[in-house]
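Chain letters run A, B, ... following the sequence lines, proteins first, then strands; residues in each count from 1.
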There are 2 protein chains.
Amino acid sequence: MLRFTKRADYGLMAVHYIALNQEYGAVSSKRIAEEFQIPAELLAKILQRLAKKGLIMSQNGPKGGYALADQASEITVGQVVRALEGPINIVNCLETHQCPQMSRCNLRRPVLKIQAGITQMLDTMTLAELLGDDVPMTELVTNS
Amino acid sequence: MLRFTKRADYGLMAVHYIALNQEYGAVSSKRIAEEFQIPAELLAKILQRLAKKGLIMSQNGPKGGYALADQASEITVGQVVRALEGPINIVNCLETHQCPQMSRCNLRRPVLKIQAGITQMLDTMTLAELLGDDVPMTELVTNS
DNA sequence: GCTATCGGCGACCTTTTCAGTCGGAGTATC
DNA sequence: GATACTCCGACTGAAAAGGTCGCCGATAGC
C-alpha cells in the first residue's frame with residue numbers, strides 16, 4: 001500500500017550509519033545489525049546488494065566491512081532505494097504487464113506525474129542532508 | 001516496493017469511469033468490471049468500500065449502480081486512495097510499530113518530508129483533472 | 001405478488017512477495 | 001597455514017495481496 005519495504009528502510013539506515021562512522025575505518029555488517037537490532041543476515045544481504053550496485057565498497061576479512069563508494073553529498077536516497085527495490089513504479093500496468101484497457105486509460109498521465117514527483121524528491125535528497133539534523137520532531141507524525 | 005495495490009488502481013479506474021458515464025444514469029459494478037476486464041466480485045468489494053466512505057452513492061435494484069457523491073472537481077485522488085488503502089505511511093516504524101532505535105534515527109525527517117510531498121500531490125489532484133486528457137504519451141514511461 | 005437484476009456482506013482459498021535463515025566461499029590477520 | 005572474520009548466494013517460512021464463492025436484502029419491471 002504505497003510503502004517502502006524493510007529492505008529500503010534498513011538500507012537507508014545502514015548507509016546513513018556508515019556515512020556517520022566510516023571515518024574510523026570500514027563498518028562491518030554485524031556492527032550495524034547490532035546497532036539497530038535487525039537480523040544480521042538480512043542486513044548483510046542488503047549491503048551486498050548495495051555493494052553490487054556500486055554505492056558502497058566492501059572489504060573482506062578481519063577489520064573488513066563497508067564504506068561509502070562516494071561522498072555523502074553525491075549519493076541520493078533515490079539511488080539507494082532503486083538499488084534495493086528496483087525501478088520505482090507506482091502501478092504495475094506500466095511496466096511488464098499490460099492493462100487490457102491501455103488505450104482507454106486516462107490514469108496514466110496523472111500516475112506518471114505522481115511517480116515523477118516522487119522520483120524527483122528521492123533523487124534530490126542526498127545522504128549529506130540526512131546527517132545534520134537529529135531533532136526528535138515527533139509532532140510531525142500526521143496520520144491523516 | 002512503493003506501489004499502489006490493485007485496489008487503488010481499480011478504484012481509481014472505476015471512479016474515473018463513473019465520472020465519465022454517470023450522466024446517463026447509475027453505473028453498475030458489472031458494467032465497469034466488463035469494461036476493464038477485472039474480476040467483478042473484487043471490483044464490487046472495492047466499490048462497496050468507496051460507497052461506505054461516502055465517496056460514491058449506491059442504488060440498489062435493477063437500473064441500479066453507482067454515482068459520484070460529489071462533483072468530480074471536489075473528489076481528490078488522495079481521498080480515493082486513502083479510502084481503499086488506509087492512511088498513507090511510507091514506512092511502518094512511524095505508525096503502530098516502534099523502531100528500537102527511534103531515538104537515534106535520523107531518517108524520520110526526510111521520510112516525513114517525502115510522505116508529505118506524496119500526500120500533497122494526491123490531495124491536490126481531483127477527478128476532474130483526470131477527465132480531460134486522453135493522449136497516449138507512451139514516451140513518458142521512464143524506467144529509470 | 002413474482003421475478004430478474006442489482007448492491008451488500010462475510011468467509012474462504014490461492015498466489016505472490018516480503019522477511020528471515022542457513023550453509024558455503026573468500027580474505028586478511030596472526 | 002590455521003583461524004577468525006568477513007562477504008556471498010541459495011533456501012525456507014510467514015504475511016499480505018489478489019481473487020473466489022455463496023448468501024442476503026433491496027428495487028424496478030412484468
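Residue B:Y10 places none of its side-chain N or O atoms closer than 4.0 Å to OP1 or OP2 of D:dG18. Residue A:S28 places at least one side-chain N or O under 4.0 Å from the OP1 or OP2 atom of D:dT6. OP1 or OP2 of C:dG8 has at least one side-chain nitrogen or oxygen of B:Y66 nearer than 4.0 Å.
The side-chain heavy atoms of B:I38 and B:D9, taken from C-beta on, include no pair separated by under 4.5 Å. In this structure, A:E74 and A:T126 have side chains that are not in contact, with every pair of non-hydrogen atoms separated by 4.5 Å or more. Annotation: side chain of B:I90 is in contact with side chain of B:I118 (closest heavy-atom distance under 4.5 Å).
Spacing between atom NZ of B:K53 and atom C1' of C:dG8 amounts to 16 Å, rounded to whole angstrom units. A:L43 places its CG atom 14 Å from the C1' atom of D:dC8, with the value rounded to the nearest Å. Taking atom CG of residue B:D9 and atom P of nucleotide D:dG18, one finds them 8 Å apart after rounding to whole Å. As rounded to whole Å, 14 Å separates atom C1' of D:dC8 from atom CG of A:L42.
In the hydrophobic cluster analysis, where Ile, Leu, Val, Met, Phe, Trp and Tyr join through side-chain heavy atoms closer than 4.5 angstrom, A:M57 is grouped apart from A:L84.
Distances were taken from every side-chain heavy atom of A:P39 (C-beta onward) to each of C:dG20, D:dT20, D:dC7; the shortest belongs to C:dG20. The side chain of B:E41 sits closest to D:dT20 out of C:dC18, D:dT20, D:dC7. Looking at the side chain of A:S58, the nearest of the listed nucleotides D:dT20, D:dC8, C:dG20 is D:dC8. Set against C:dT21, D:dC7, C:dT27, the side chain of A:P62 has C:dT27 as its closest nucleotide.
At a cut-off of 3.5 angstrom, the base of D:dG9 holds no donor-acceptor pair with the side chain of A:K45. The base of C:dG8 has none of its N or O atoms less than 3.5 Å from a complementary donor or acceptor on the side chain of B:K52.
Between A:K63 and A:R7, the residue whose closest nucleotide on DNA chain C is further toward the 5' end is A:R7.
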